[in-house]
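Worksheet for the structure shown next.
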Amino acid sequence: ISGVMLSTVMGNPVEVRPLFISKANTAAQIILVAVILGQLALKASWDQISQPLIIIVAILTVASAMAYLVTGLRHMADDDEKTG
């Protein structure tokens, strides 16, 4: 969000488009929340499901953040080439 705001203030607005990795991340997060809530509601232990999901969500979250960072940096570099 800060990067988009900074880019807009600098006169180089970013077209925000969701990336596939972010959609996969959101789906994994929703599944994880459903599993955790199911565990709590049923007073069950689904550690064989929830533990791998936590790792998957963590990996997808980092990958998504990195993908957006790379996209943002490319956007800024493209603008520098146009103006420089």
Side-chain angles (χ1 to χ4, degrees):
I1 293 172
S2 298
V4 171
M5 289 174 46
L6 178 61
S7 184
T8 301
V9 168
M10 293 175 68
N12 185 17
V14 177
E15 179 184 339
V16 180
R17 291 174 294 172
L19 302 174
F20 175 78
I21 189 74
S22 294
K23 291 180 180 226
N25 184 30
T26 300
Q29 288 175 349
I30 291 168
I31 292 167
L32 177 60
V33 167
V35 167
I36 298 297
L37 289 174
Q39 285 185 145
L40 294 171
L42 300 174
K43 295 184 173 48
S45 177
W46 299 339
D47 288 343
Q48 292 178 345
I49 297 170
S50 62
Q51 291 302 316
L53 273 174
I54 290 169
I55 294 167
I56 290 168
V57 167
I59 290 169
L60 287 173
T61 299
V62 170
S64 178
M66 296 305 293
Y68 277 114
L69 178 63
V70 167
T71 301
L73 291 174
R74 283 186 185 153
H75 175 76
M76 297 303 279
D78 288 346
D79 184 57
D80 285 346
E81 289 175 8
K82 290 177 189 175
T83 59

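Bear in mind that the values here come from a model prediction, so they are computed numbers and not experimental data.
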What one should report as the nearest heavy-atom pair of Ser50 and Gln39 is OG-OE1, 3.5 Å

Starting from Val33, can I reach Leu53 by hopping between I/L/V/M/F/W/Y residues whose side chains sit under 4.5 Å apart? no

Do you know which two heavy atoms are closest between Ile21 and Leu60, and how far apart they sit? CD1-CD2, 3.5 Å

Tell me, do Gln29 and Thr61 make a side-chain contact under 4.5 Å, heavy atoms counted? yes

Enclosure of Gln48 CD (heavy-atom neighbours >12, cutoff 6.0 Å): no

Closest heavy-atom contact between Ile56 and Ala28? CG2-CB, 4.5 Å

Is Ile30 reachable from Val35 through a run of hydrophobic residues whose side-chain heavy atoms are each under 4.5 Å from the next? no

In this structure, CD1 of Ile49 is separated from CG of Leu32 (nearest 0.5 Å) by 11.0 Å

Heavy-atom pair of closest approach, residues Ala67 and Leu19: CB-CD1, 3.6 Å

Would a hydrophobic clustering, with Ile, Leu, Val, Met, Phe, Trp and Tyr connected at side-chain separations under 4.5 Å, put Leu42 with Leu40? yes

Partners of Ser22 by side chain to side chain donor-acceptor pair (under 3.5 Å), sequence neighbours excluded? Ser64, Tyr68

